[in-house]
Amino acid sequence: MARDAPSIDAYGDGGFRLSGVRHEGSVLIVQDEAHPWPVTRVADLTPESLSAVLGAGAREVEFVLLGMGAANALPPKALREALSKAAIGLEFMDTPTAARMYNVLTAEGRRLAAALIAI
């Protein structure tokens with residue numbers, strides 16, 4: 001992987017394996033560091049749930065790759081507006097697709113955050 005970004009080795013059973021280490025629940029990866037993320041469903045998505053991304057700013061985070069769970073869904077308007085105001089892009093898709101896309105994009109050296117709802 002480019003940089004020191006953790007790789008997503010596996011997902012499912014309510015968590016992720018990142019660089020060989022199991023993480024229970026949803027995860028937020030910002031500035032190449034993985035953190036537990038309390039979001040468990042689309043209804044939990046708020047600007048506050050991505051405060052670490054917004055705090056890092058557009059110089060550090062080009063866009064957020066948002067894994068919406070088992071199925072894709074439109075993120076809440078307030079979240080989309082907060083990211084737009086901060087000049088941070090948003091790509092959203094189901095979590096399996098987001099996990100695979102994250103590995104490809106970090107290998108390319110892209111400055112992204114990943115917010116992944118566990119399935």
Side-chain angles (χ1 to χ4, degrees):
M1 296 252 132
R3 309 179 328 251
D4 280 332
S7 63
I8 299 175
D9 304 328
Y11 53 85
D13 294 324
F16 299 86
R17 189 172 66 236
L18 305 176
S19 298
V21 178
R22 175 75 181 174
H23 293 261
E24 293 298 323
S26 300
V27 296
L28 178 64
I29 304 171
V30 182
Q31 294 178 302
D32 297 341
E33 292 185 20
H35 305 276
W37 193 42
V39 173
T40 60
R41 57 198 175 104
V42 173
D44 297 336
L45 291 169
T46 63
E48 293 76 25
S49 70
L50 289 181
S51 61
V53 173
L54 294 166
R59 294 186 78 188
E60 294 294 325
V61 179
E62 182 180 348
F63 65 94
V64 177
L65 189 58
L66 184 56
M68 303 296 290
N72 196 7
L74 183 65
K77 184 177 181 180
L79 180 71
R80 297 189 321 262
E81 289 175 344
L83 290 167
S84 178
K85 184 178 178 182
I88 297 172
L90 173 63
E91 297 290 336
F92 56 95
M93 57 202 69
D94 62 85
T95 294
T97 303
R100 292 186 301 269
M101 184 65 66
Y102 167 85
N103 286 334
V104 170
L105 294 172
T106 56
E108 292 176 356
R110 302 290 297 270
R111 294 177 292 112
L112 71 142
L116 306 170
I117 297 175
I119 56 172

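Residue numbers start at 1 and run along the sequence shown.
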Q: Please determine which of L105, V53, L83 meets the side chain to side chain contact (heavy atoms under 4.5 Å, CB included) test together with F63.
A: L105
**Q.** L45 reachable from I88 in the ILVMFWY side-chain graph, under 4.5 Å edges
**A.** yes
Q.
What verdict does the side chain to side chain contact (heavy atoms under 4.5 Å, CB included) test give for I8 and L116, after you've listed the backbone C-alpha separation in whole Å, the side-chain angles of each residue and the deciding distance to 0.1 Å?
A. CA-CA 11 Å; I8 299 175; L116 306 170; 3.5 Å; yes
(Q) For A114 versus Y102, what's the shortest heavy-atom pair and its separation? (A) CB-CD1, 3.6 Å
(Q) To check you understand the geometry: which heavy-atom pair defines the closest contact between A5 and D32, and what is its length? (A) CB-OD1, 3.4 Å
Q: Locate the shortest heavy-atom distance separating A78 from P47; write the atom from each residue and the value.
A: O-CG, 3.6 Å
Q) How far apart are the C-alpha atoms of V30 and E60, what are their side-chain angles, what is the distance that settles it, and do they pass the side chain to side chain contact (heavy atoms under 4.5 Å, CB included) test? A) CA-CA 9 Å; V30 182; E60 294 294 325; over 6 Å; no
Q. Any sub-3.5 Å donor-acceptor pair from R111's side-chain atoms to A58's backbone N or O?
A. yes
Q. Do any N or O atoms from the side chain of D94 and from the backbone of N72 form a donor-acceptor pair under 3.5 angstrom?
A. no
Q: Check whether L112 and Y11 end up in the same hydrophobic cluster, where Ile, Leu, Val, Met, Phe, Trp and Tyr are linked by side-chain heavy atoms less than 4.5 Å apart.
A: yes
Q) Is M93 atom CE crowded by more than 12 heavy atoms from other residues, nucleotides or ligands, each under 6.0 Å away? A) yes
Q) At what distance, to the nearest 0.5 angstrom, does CD of E108 lie from CG of N103? A) 11.5 Å
Q) Could you go step by step and tell me if L50 and L28 meet the side chain to side chain contact (heavy atoms under 4.5 Å, CB included) rule? A) CA-CA 8 Å; L50 289 181; L28 178 64; 3.9 Å; yes
Q) What residues, two or more places apart in sequence or in another chain, satisfy side-chain hydrogen bond (donor to acceptor under 3.5 Å, both in side chains) together with D13? A) none
**Q.** Derivation and outcome, side chain to side chain contact (heavy atoms under 4.5 Å, CB included), residues E33 and Q31
**A.** CA-CA 6 Å; E33 292 185 20; Q31 294 178 302; 5.7 Å; no
Q. Are I29 and I119 grouped together when hydrophobic residues (ILVMFWY) are joined by side-chain heavy atoms under 4.5 angstrom apart?
A. yes
Q: Nearest 0.5 Å please: distance from the CG atom of D44 over to the CH2 atom of W37.
A: 8.5 Å
Q. Under 3.5 Å, is there a donor-acceptor pair between the side chain of S51 and the main chain of E48?
A. yes
Q | Spacing of CD1 belonging to I117 relative to CZ belonging to R41, to within rounding of 0.5 Å | A | 10.0 Å
(Q) Do V39 and L90 sit in one hydrophobic cluster, given that two such residues count as connected whenever their side-chain heavy atoms are within less than 4.5 Å of each other, even indirectly? (A) yes
Q. Is there a path of hydrophobic side-chain contacts, each under 4.5 Å between heavy atoms of I, L, V, M, F, W or Y residues, that connects L65 with V42?
A. no
Q.
Quick check against the 3.5 Å criterion: does S26 have a side-chain atom that pairs as donor or acceptor with the backbone of P38?
A. no
Q.
Quick check: closest heavy atoms across A118 and G15, and the distance to 0.1 Å?
A. CB-N, 4.0 Å
Q.
I want to check something: taking the side chain as every heavy atom from C-beta on, are H23 and P36 in contact at a cut-off of under 4.5 Å?
A. no
